[in-house]
Engineer: 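Quick one: structure below, then a few questions.
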There are 2 protein chains.
Amino acid sequence: MTIRLQISEKLRHRIESGDLQALAAIPSERELAQQLGVSRMTVRGAIDDLVNEGLLIRRQGRKTVVSDEKISRGAGFTSFSEEMRMRGWQPRSEVRQATTMQADVAIAAQLGIHTGARVILIERVRFADDEPLAFERVYLPHTRFQAILALDLANASLYDLLEREFGTRPVYAEESVEAVLMSSTEAHIFGLEPGTPALLTRRVTRDEQDTLIEAATTLYRGDRYRMVLARHR
Amino acid sequence: MTIRLQISEKLRHRIESGDLQALAAIPSERELAQQLGVSRMTVRGAIDDLVNEGLLIRRQGRKTVVSDEKISRGAGFTSFSEEMRMRGWQPRSEVRQATTMQADVAIAAQLGIHTGARVILIERVRFADDEPLAFERVYLPHTRFQAILALDLANASLYDLLEREFGTRPVYAEESVEAVLMSSTEAHIFGLEPGTPALLTRRVTRDEQDTLIEAATTLYRGDRYRMVLARHR
DNA sequence: CAGTGGTCTAGACCACTGA
DNA sequence: CAGTGGTCTAGACCACTGA
């Protein structure tokens, strides 16, 4: 845990707890550095992180201020569970399958392993406020994450589990998004008619060491779900 | 122009020109600092920027290396024209409408102007390699961008025009993406059947002063187009 | 082991803001 | 004008990699 992270977490906590209200000024960088007994550059680093998250607004010559905008996290990384909570919906899952299998050519290529190598497949129907919203299929390398099959996958965010149980944090993903029509099998999951439009996302996720940890596809029903993104620069 | 920017541009140029090939190592931070007569922290900053862009890969203990991945710009900001060129397709447009109208409640809310205020509407069919790929509807505030109606909209990127002719640069957008079925009017544009799946994006764009400059919807045919995103953290 | 990137320090001078 | 954030310096020690 770096000093920079400690400071940004401390500030984040003060903001999220309401100690620092929206548009309130935080202490100046020099003040914080002196109070905390660290160098100003270190304080700046911590503040950089919060500015990038959209929690703080910085302008030259003025004091740095707590942002009053809601969330612009769309661009970043959220698990299904997190995203639903941010939208004010209650997330829940139903596990349809959690098993070990052999990687076919496509999965192997995505995960950067050999064809035929063992992978974990987790299929879940994701609910928001008790309505089925998405069908998710996740592949994980077996060697590293084997133990996950013993855990409770219904009531947890997969990313939380990866972090808590395996100490790995997803930090980068490449994702594609396309519009498709549901097959009858897919439609059945949601209690809809075949031919209902759906968003199909394919995602490959990496951890801090840039190691591939997950390949996933998610099918969101088009009549209830809209993806939200923030794009910069 | 900061030293940091000068250094990152210099490195970016060496990479894009092929002077530094994929997976080739760049000089160490200490070497660069000495060569350029600057401090190592400044060099690190420049490298940070390129790492964030995905051009360089950095790992503790090893040399920093040029990335071999194609493009991961998806997360950022690209005009339709840019995006198509990056994918190796030739972009082209057909202007269906370019006119002035009064903002209805929805448009006014999106652009942050009064209902009934004048707005510019530009409707274009966007082609890739002579195949119609998307149908785009863009609203601009009339007061600021009136002169755009006199320009050639068929052969230009709108963002290029905004930058060249009005000195305004789109830097932030909020976008939503959903799956829909084409109406018969929409399908007709693409020569497809009604009910073909499509990606519908809605976007609101701001410039460096955080001023709203554009509200746009784009309908991409689902059978040919897949959106690509890079998500961080 | 030498060399690398990761983090941090204690300063400096600058441009900008608002009183 | 004092105070702020923006940039930069010239070091230091650390953890990690690969020979």
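Just so you know, these numbers come straight off a predicted model, no measurement behind them.
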Engineer: Identify the 5'-most and 3'-most nucleotides of DNA chain D with at least one atom closer than 4.0 Å to a non-hydrogen atom of chain B.
Structural biologist: D:dT7 to D:dG18
Engineer: Using a heavy-atom cut-off of under 4.0 Å over every strand shown, decide if A:R40 touches base, sugar-phosphate, or nothing.
Structural biologist: base
Engineer: Paired with C:dA12 by Watson-Crick or G-U wobble geometry, both distances under 3.5 Å: which nucleotide is it?
Structural biologist: D:dT7
Engineer: Identify, between A:T42 and B:G61, the residue whose nearest nucleotide on DNA chain C lies closer to the 5' end.
Structural biologist: B:G61
Engineer: Taking atom CD of B:E9 as the centre, report whether more than 12 heavy atoms of other residues, nucleotides or ligands fall under 6.0 Å from it.
Structural biologist: yes
Engineer: Ignoring hydrogens and angles, tell me if any N or O in the side chain of A:T42 forms a donor-acceptor pair with the backbone of A:V38 under 3.5 Å.
Structural biologist: no
Engineer: Between the main-chain N or O of B:R226 and the side-chain N or O of A:E178, is there a donor-acceptor pair closer than 3.5 Å?
Structural biologist: no
Engineer: Report which part of the nucleic acid A:I3 touches: base, sugar-phosphate, or nothing (heavy-atom distance under 4.0 Å, all strands).
Structural biologist: sugar-phosphate
Engineer: Hey, does the side chain of A:S17 reach the backbone of A:H13 with a donor-acceptor pair shorter than 3.5 angstrom?
Structural biologist: yes
Engineer: Taking the nucleotide of DNA chain C with the closest heavy atom to each, which residue, A:M41 or A:R62, is nearer the 5' end?
Structural biologist: A:M41
Engineer: Is the NZ or CZ atom of A:R206 both under 6.0 Å from the centre of the six-membered ring of A:Y172 and within 45° of that ring's axis?
Structural biologist: no
Engineer: Is the B:Y220 ring parallel, tilted or perpendicular to the B:Y225 ring (thresholds 30°, 60°)?
Structural biologist: parallel
Engineer: Toward the 5' end of DNA chain D, which comes first, B:R30 or B:V38, by nearest nucleotide?
Structural biologist: B:V38
Engineer: Now, which nucleotide makes the Watson-Crick or G-U wobble pair with C:dG18, with each of the two distances under 3.5 Å?
Structural biologist: D:dC1
